[in-house]
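Please read the structure below before turning to the comments.
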Amino acid sequence: MSLQQPAIFCNMVFDWPARHWNAKYLSQVLHGKQIRFRMGMKSMSTVPQFETTCNYVEATLEEFLTWNCDQSSISGPFRDYDHSKFWAYADYKYFVSLFEDKTDIFQDVKWSDFGFPGRNGQESTLWIGSLGAHTPCHLDSYGCNLVFQVQGRKRWHLFPPEDTPFLYPTRIPYEESSVFSKINVVNPDLKRFPQFRKAQRHTVILSPGQVLFVPRHWWHYVESIDPVTVSINSWIELEEDHLARVEEAITRMLVCALKTAENPQNTRAWLNPTEVEETSHAVNCCYLNAAVSAFFDRCRTSEVVEIQALRTDGEHMKKEELNVCNHMEVGQTGSQNLTTGTDKPEAASPFGPDLVPVAQRSEEPPSERGGIFGSDGKDFVDKDGEHFGKLHCAKRQQIMSNSENAIEEQIASNTTTAPSQTFISTDDLLDCLVNPQVTRMVAQLLIQGRSL
């Protein structure tokens with residue numbers, strides 16, 4: 001969890017039953033089950049191919065595999081999509097929905113091997129795609145990401161959090177916890193987005209049996225470079241997520257309010273298809289209150305745990321003395337560990353034969369060398385070797401239900417409540433948004449955007 005750069009784990013999943021989850025096997029397990037596929041164009045436009053611009057097909061995995069064999073004369077759900085011109089992607093398939101009647105299969109995925117006790121397929125998402133299928137470049141507001149490659153290969157383009165200004169972030173189309181880039185990073189329009197030249201691109205090809213670690217807030221664009229790819233991922237919760245959810249709830253409330261007011265009948269033009277929940281102002285208000293309440297509850301829980309630990313160890317005074325020493329230590333410049341008189345040993349490098357860092361790439365982007373469909377991908381291997389991003393659908397429904405009940409109780413009550421239970425009103429939010437500091441920043445961003 002201390003890694004600050006992407007890395008590939010090798011030899012970690014050799015005994016996982018899910019290692020054998022290729023598309024053919026899954027088609028047998030999910031026999032006859034309809035899955036939603038996103039259909040995209042195999043083109044090299046400089047404009048990102050967002051989900052809102054794609055069509056969708058309901059089909060079984062058997063029908064997908066038949067179409068993917070390039071049998072252009074077939075009938076069925078893919079009949080209108082020429083295999084040579086389109087790709088298909090079954091993405092964001094939560095295990096709990098996909099295998100709702102086969103829950104034993106959750107045990108085939110063992111994230112507990114990575115130090116997360118009890119974590120398995122129940123907290124995982126499945127991705128199945130054809131050649132060219134990809135996700136637009138984005139960062140996840142929540143957590144960090146572990147991605148297990150099961151079948152085929154995927155090329156990952158990653159950019160560090162500090163490159164965010166160079167990637168021209170946007171929240172339209174809106175998807176919870178996804179901040180998209182306005183740039184097609186494999187075919188960038190450098191005239192329109194000149195700052196992208198400064199971005200530090202890291203690339204790696206993830207092969208079957210490998211697991212990629214994506215740290216918090218790293219941008220990523222992921223593309224399938226083999227005829228069929230299967231991946232499993234899990235977003236790992238982090239302490240910083242509690243504040244991020246408050247920010248996400250504010251974003252959701254604003255985007256929904258402004259865009260639905262602009263054109264209530266045309267929601268799909270700005271709302272990502274993965275966002276299927278109701279977008280009314282009342283629901284979003286509940287969502288915001290749930291996030292704020294959870295944030296305060298977490299803060300209060302952390303304080304209680306710390307106090308209990310101090311009492312249990314009987315070291316309250318020692319803790320205070322240590323805090324004083326630490327403050328003095330931070331205040332001193334030009335020296336370290338003054339209170340102990342010893343030098344802090346350098347941390348050993350975490351990398352070795354089974355943990356490989358994802359290297360920064362110095363060569364030209366693929367668009368300047370013929371595009372992604374003119375290569376088998378081998379040219380792009382570095383020299384050494386996709387909601388937790390989305391709040392789980394069942395968990396979200398529970399939070400929303402609990403939030404609505406809490407707000408109803410709050411409105412009905414005239415008594416004074418603790419800060420964690422204080423109802424956040426629309427006026428409270430507006431008061432913050434029209435703060436002169438905020439409006440000044442918004443004005444600068446608007447002017448900057450128009451000058452691109």
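All values reported here derive from a predicted model rather than from experimental measurement.
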Specify whether F114 and W16 have parallel, tilted or perpendicular ring planes, treating 30° as the upper limit for parallel and 60° as the lower limit for perpendicular.
perpendicular
Give the C-alpha distance, both sets of side-chain angles, the deciding distance and a yes or no for side-chain hydrogen bond (donor to acceptor under 3.5 Å, both in side chains) between Y92 and E175.
CA-CA 12 Å; Y92 292 113; E175 177 181 275; 3.2 Å; yes
Salt bridge or not between R245 and E237? Use side-chain N to carboxylate O under 4.0 Å.
no
Tell me, with the steps shown, if F99 and W21 meet ring pair (Phe, Tyr, Trp, His ring centres under 6.0 Å).
CA-CA 13 Å; F99 304 108; W21 281 22; 5.7 Å; yes
Strictly distance-based, threshold 3.5 Å: is any side-chain N or O of N284 a donor or acceptor partner for the main-chain N or O of H281?
no
Other residues, nucleotides and ligands only: do more than 12 of their heavy atoms fall within 6.0 Å of CD on Q28?
yes
Kindly assign one of parallel, tilted or perpendicular to the pair F37 and F64, based on the angle between their ring planes and the thresholds 30° and 60°.
parallel
Flag yes if more than 12 heavy atoms outside K24 fall under 6.0 Å of its NZ atom; otherwise flag no.
no
Flag yes if more than 12 heavy atoms outside M1 fall under 6.0 Å of its CE atom; otherwise flag no.
yes
For the residue pair H134 and Y221, does the interplanar ring angle fall in the parallel (under 30°), tilted (30 to 60°) or perpendicular (over 60°) class?
parallel
Could you tell me if R19 sits above the aromatic ring of F14, with its cationic atom closer than 6.0 Å to the ring centre and no more than 45 degrees from the axis?
no
So CG of L98 and OG of S124: to nearest 0.5 Å the spacing works out to 11.5 Å
E162 and K198 ion-paired at < 4.0 Å
no
Intermediate values then yes/no, ring pair (Phe, Tyr, Trp, His ring centres under 6.0 Å), H220 and H157:
CA-CA 5 Å; H220 46 283; H157 304 252; over 10 Å; no
State which residue, out of W218, F159, W219, W156, fulfils the ring-ring contact (aromatic ring centres under 6.0 Å, His included) condition with H202.
W218
